Protein chains: 2
Amino acid sequence: MRDIDIAEAARLSGVRASTLRFYEERGLIASHGRRGLRRLFDPAVLDRLALIALGRAAGFSLDEIARMFAPDGRPRIDRRMLAAKADELERTIRKLNAMRDGLRHAAACPAPSHMECPTFRRLLRAAASGAIGERKTRRPPRKSFAATGREQGRARGS
Amino acid sequence: MRDIDIAEAARLSGVRASTLRFYEERGLIASHGRRGLRRLFDPAVLDRLALIALGRAAGFSLDEIARMFAPDGRPRIDRRMLAAKADELERTIRKLNAMRDGLRHAAACPAPSHMECPTFRRLLRAAASGAIGERKTRRPPRKSFAATGREQGRARGS
DNA sequence: CTGCCAGTTCAAGTCAACTTGAGGTCAAGG
DNA sequence: CCTTGACCTCAAGTTGACTTGAACTGGCAG
């Protein structure tokens, strides 16, 4: 069994079939051929998907990730880019640390109201001044891990 | 000068006027009255905005933040919720730390290709298994700090 | 040969947090 | 009094990463 179909790829990678199609459209992965209508993927697509997941986890956008592959398909990852992203993560981590400490303190603070707690007020000023920075809340991805092989959540056909 | 108008509130808080209107619509802040058409805010709105900024920075959604205010307007912040968010941040921080270390290693790794670097491959597996988790990229907010009093970026009227 | 159903395409929808545009209003300055 | 322009409302657009719906196809089991 050389090539795998989209359901297999989805099952093995934990990435939904619709996402695989989307990634292909965006040039992040490529299908190797078809059997009838059905895409066939080289099993190497799984490594590629892992790489994409890694990039996403590191905070790269899909466009950035796409640029990490040479035209011939081999990963061509700029080490400086990695270092830069590491630095960015470092800064984010610092802010989150401050935030976490502040939250923990506020949660344990004996002051009758948070507004009377100096630590809380210090946090407040930091946030107001933008020193802490803005983050996006991520929405829960509706799938927590590998799918079951068919596209999920479409149980009731019309 | 008891009440401030929206431009003043925007200037003092660094939050855009359009955002203030949006927040009012969402029930996060309230205007105190009008002069003609123009909203008037109690200066206390600035504290409230700081609190909102803090909540956003901590990763709360606007809906969650809205729920942190009692119907009468006083902040009623659940300490358990703060602790829970602190724990969540803790987990995020741990993942980001792992990510950062991995990126730094990959950036410095002497292996000819990243795929041959054991550390990189370990990271890859972690990302593929979902152990590292997904984050959203935040987009740059188009304003870096306090506005100048008028709404920005609309220099050329038609 | 026939039907099933997992696959296909393409467009449109979702989500969050805003921003932008069009068209309208009104307090104040000249 | 009349213009000016900052403010108003309401609807629609933006962004990124997908998901979902509708309509269709074709390999394969029976």
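No experiment lies behind these values; they were computed from the predicted model shown.
One atom, CD of B:Glu25, and another, P of C:dA17, lie 14 Å apart when rounded to the nearest Å. Residue A:Arg39 contributes atom CZ, which lies 14 Å from atom P of D:dG26 at whole-angstrom precision. Across the protein-nucleic acid pair, A:Leu20 atom CG and C:dT9 atom C1' stand 16 Å apart, rounded to whole Å. Taking atom CD of B:Glu24 as the reference point, atom C1' of C:dA17 lies 17 Å away to the nearest angstrom. Distance CD1 (B:Ile52) to P (C:dA16): 17 Å, rounded to an integer number of Å. For B:Ile6 and D:dA6, the CD1 to C1' distance is 11 Å, given to the nearest whole Å. Note: CZ (B:Arg56) to C1' (C:dA16) measures 8 Å, nearest angstrom.
Residue-level contact check: A:Asp5 touches the backbone only, with heavy atoms under 4.0 Å from sugar-phosphate atoms and none from bases.
Contacts with DNA chain C (heavy atom under 4.0 Å) in residues 31-38 of chain A: A:Arg34, A:Leu37, A:Arg38, listed by number.
With respect to the salt-bridge test (charged N to carboxylate O, under 4.0 angstrom), the residues B:Asp78 and B:Arg67 do not qualify.
Using modelled atom types and a 3.5 Å distance limit, the side chains of A:Asn97 and A:Arg100 yield a donor-acceptor pair.
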Give every donor-acceptor pair under 3.5 Å between a side-chain atom in residues 106-125 of chain A and any protein atom, sequence neighbours left out.
{"residue": "A:Ser113", "atom": "OG", "partner": "A:Met115", "partner atom": "N", "Å": "3.1"}
{"residue": "A:Thr119", "atom": "OG1", "partner": "A:His105", "partner atom": "NE2", "Å": "3.3"}
{"residue": "A:Arg121", "atom": "NH1", "partner": "A:Met115", "partner atom": "O", "Å": "3.2"}

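Residue A:Ser18 places at least one side-chain N or O under 4.0 Å from the OP1 or OP2 atom of D:dT19. Distances shown here put a side-chain N or O of B:Thr19 below 4.0 Å from the OP1 or OP2 atom of C:dT19. Within the 4.0 Å cut-off from OP1 or OP2 of D:dT9, not a single side-chain nitrogen or oxygen of B:Arg21 is found. Listed pair A:Tyr23 / D:dA17 fails the phosphate criterion, with no side-chain N or O lying under 4.0 Å from OP1 or OP2. Side-chain nitrogen and oxygen atoms of B:Arg16 include at least one within less than 4.0 Å of the OP1 or OP2 phosphate oxygen of C:dT19.
Comparing C:dC18, D:dC18, C:dT8 by their closest approach to the side chain of B:Leu62 singles out C:dC18.
Applying the salt bridge (Lys or Arg N to Asp or Glu O under 4.0 Å) rule to A:Arg91 yields no partners; only residues at least two apart in sequence or on another chain are considered.
Checked by atom type and distance alone, the side chain of B:Thr19 never pairs as donor or acceptor with a backbone atom of B:Val15 at under 3.5 Å. Between the side chain of A:Arg48 and the backbone N or O of A:Leu28, at least one donor-acceptor pair lies under 3.5 Å. Without hydrogens or angle criteria, B:Thr92 side chain to B:Glu88 main chain gives a donor-acceptor distance under 3.5 Å.
For the pair B:Phe22 and A:Leu40, nearest-nucleotide mapping onto DNA chain C gives the more 5' position to A:Leu40.
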